[in-house]
Amino acid sequence: MGSKPESDSSDARQAAKSDTRSAIDGAAMAILRIESGKRVRSSVVLVVVFALLAAMYFAMFPSIQEEAELLEDAFPAVFFDMFGIEALHTIEGFIAAEIYSFFWIVLVGIYFAYVGAGMIAKDVDERKMDLTLSNPVSRESVVLQKIAALWLPLVVLNVGVGGIVLLGGIIIGEPLDPVAVTMVHLLSIPYLLVCGAIGLLISVVIDHVRTARATALTVVFVLWLVEGVSRLDEDYEWIGAVGPSRYYDETAILVREEYAFADAGILLAVFLVLLVLAVLLFTRRDI
Amino acid sequence: MCAQTETLDTEPDHDATTISLDGLTKRYGDVTANDAVSFDVGAGEIFGYLGPNGAGKTTTIRLLLGLIKPTSGSAAVLGADIRDRRALTAVKANIGYLPDSLGFEERQTGRQVLDYFARMRGDERREELLELFHPPLDKRVETYSHGNKRMLGIVQAFMHDPDLAILDEPTSGLDPLKQDRMHAFLEEERDAGKTIFFSSHVLSEVQRVCDRVGIIRNGGLVALEDVDDLLKRSGKRVRVQLAEPVDESAFVTSEMIDVEIIDATVRFTYTGKPAELLEYLVQFAVEDVDISDPQLDDIFKHYYGDDSPSGAG
């Protein structure tokens with residue numbers, strides 16, 4: 001640097017650096033903490049929505065059970081194929097159909113995509129990212145802390161809704177297998193993470209938060225739709241392989257107690273690929 | 001000649017350069033937001049970065065913080081090359097930043113916002129700063145006025161006692177009392193050896209607090225000089241209201257430029273000493289005098305030419 005030694009100022013700077021080291025360690029958690037806090041309200045609201053839905057469906061089940069055959073005749077078979085519905089007369093089949101095959105996969109999937117899509121785009125849009133990145137925190141760390149904050153909705157929703165479903169079964173005298181209910185939630189985590197990462201990737205690419213969110217919702221919904229429709233025709237079933245919902249089968253888990261760990265592994269791998277892609281893109285772009 | 005002046009200008013600061021820009025350029029398609037900007041900011045000075053809105057001040061600041069990447073050229077901040085992300089991230093622990101547009105978590109209270117930044121980089125000077133600038137800490141940021149937001153921004157920018165503060169239009173939205181307080185605070189910080197990089201479009205503000213000034217226009221640096229020199233060259237904008245119309249040749253002196261006479265009102269830029277102007281005016285039947293700082297654009301027009309920027313120093 002300079003020709004004359006400036007020991008005074010460089011010593012001071014060195015001291016300042018060691019002083020701030022503890023602050024830098026704190027930076028590794030500050031974003032995770034604030035982001036987690038932001039997810040509390042919406043997660044709780046979603047659990048309440050599921051509690052109301054569950055109350056309705058569990059109350060309906062005894063009367064539905066008697067008419068299950070009628071119901072199965074009343075709707076065309078494609079309807080059941082598309083949603084992967086079977087064994088409606090059992091509580092497992094009924095709950096898989098009513099709660100998990102639509103509300104969990106679509107509603108919660110879209111929620112994760114929505115949250116993911118806001119992670120970067122919202123902060124860039126509102127100029128929050130300027131302040132965030134003025135801290136001694138790397139862009140990699142910002143993305144990872146934000147995605148890590150999904151632990152909160154994952155825990156709240158899975159524990160909350162899983163508990164409600166188990167409780168509902170006990171209340172109406174049709175207890176569900178706790179292992180199967182645990183697995184239906186556990187194996188949905190990779191699926192939800194993929195939805196979140198789809199949102200995140202879009203969030204990194206699109207600057208306007210509304211556009212990013214709308215795009216993410218549409219992508220997740222269309223993927224679900226394509227996967228569902230593709231099941232109707234064996235010739236086109238392969239197309240549905242692009243839909244993450246292909247790798248999560250709630251009915252198989254609850255009704256047949258089949259746990260597809262390999263499929264969950266595929267989803268986790270896809271999640272990691274999307275995450276790495278998002279980090280790489282974010283570290284290379286202007287904000 | 002020109003090169004010599006530049007060497008003389010930058011020599012004293014050379015050993016302790018805090019910010020150093022070298023041909024820093026940022027283009028967005030056809031728009032050149034920063035055009036080969038080069039200058040140094042020495043340790044322990046208040047450097048004013050002056051230019052009209054849209055001149056490229058914020059672009060420079062965002063380049064220095066690594067928020068955007070230069071198209072060409074480079075810069076170093078506290079010894080870290082801005083293209084070296086890792087090095088730049090490390091020195092940010094020692095930088096305070098006050099952006100032009102403050103993006104806080106609106107739902108949080110001022111206190112929670114400060115807690116958040118404290119976890120990122122420390123807050124040893126929080127209480128001391130809150131005595132000078134006191135945003136309502138228990139209220140949510142979404143209820144804050146411009147001034148309160150700006151005060152919260154000032155506290156977060158300085159509470160970890162950084163060696164370098166980068167401030168983008170720091171006093172906009174502050175009432176005059178708080179502006180004075182801010183100026184005094186910046187001078188204290190400078191005297192304590194801190195470096196302040198201060199962007200503004202208000203000439204008088206830069207004149208008051210800055211030691212040296214760089215003027216940017218249309219993305220290019222058009223001047224780099226001591227504030228005292230700038231003041232000498234910029235003159236004052238004067239409006240004189242006379243009792244009766246006056247003949248131009250009888251009134252105008254060589255120190256008056258850009259003269260405009262309408263009936264009994266004379267407007268001009270005075271490049272001499274204010275005291276001499278007042279002495280001179282006494283001989284006329286003056287009804288009213290208004291002396292003010294010239295607009296930045298006037299300075300550009302008279303001292304740096306109206307065409308494309310002439311380049312650094």
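Naming: A, B, ... by sequence-line order, numbering from 1 per chain. This structure is a prediction, so every number in the text was calculated from the model and none was measured.
Taking the six-membered ring for Trp and the full ring otherwise, B/F39 and B/Y49 have centroids separated by under 6.0 Å.
With a threshold of 4.5 angstrom between heavy atoms, A/L133 approaches chain B through its backbone and through its side chain. Of the two parts of A/R139, the backbone and the side chain both hold a non-hydrogen atom closer than 4.5 Å to a non-hydrogen atom of chain B. Only the side chain of B/Q156 has a heavy atom closer than 4.5 Å to any heavy atom of chain A. For B/R62, the part lying near chain A is the side chain, with the backbone staying farther off; criterion is any non-hydrogen pair under 4.5 Å.
Note on A/R127 versus B/D100: salt bridge recorded, some NZ/NE/NH1/NH2 to OD/OE distance being below 4.0 Å. Taking the charged nitrogens against the carboxylate oxygens, B/K194 and B/E188 have no contact shorter than 4.0 Å, which rules out a salt bridge. With respect to the salt-bridge test (charged N to carboxylate O, under 4.0 angstrom), the residues B/R140 and B/E106 do not qualify. Electrostatic pairing of B/E45 and B/R212 counts as a salt bridge here, judged by a charged N lying under 4.0 Å from a carboxylate O.
Counting heavy-atom pairs under 4.5 Å between each of B/F104, B/F117, B/Y97, B/Y116 and chain A puts B/Y116 at the top. Of the listed residues (A/T283, A/D123, A/T132), the one with the most heavy-atom contacts under 4.5 Å to chain B is A/T283.
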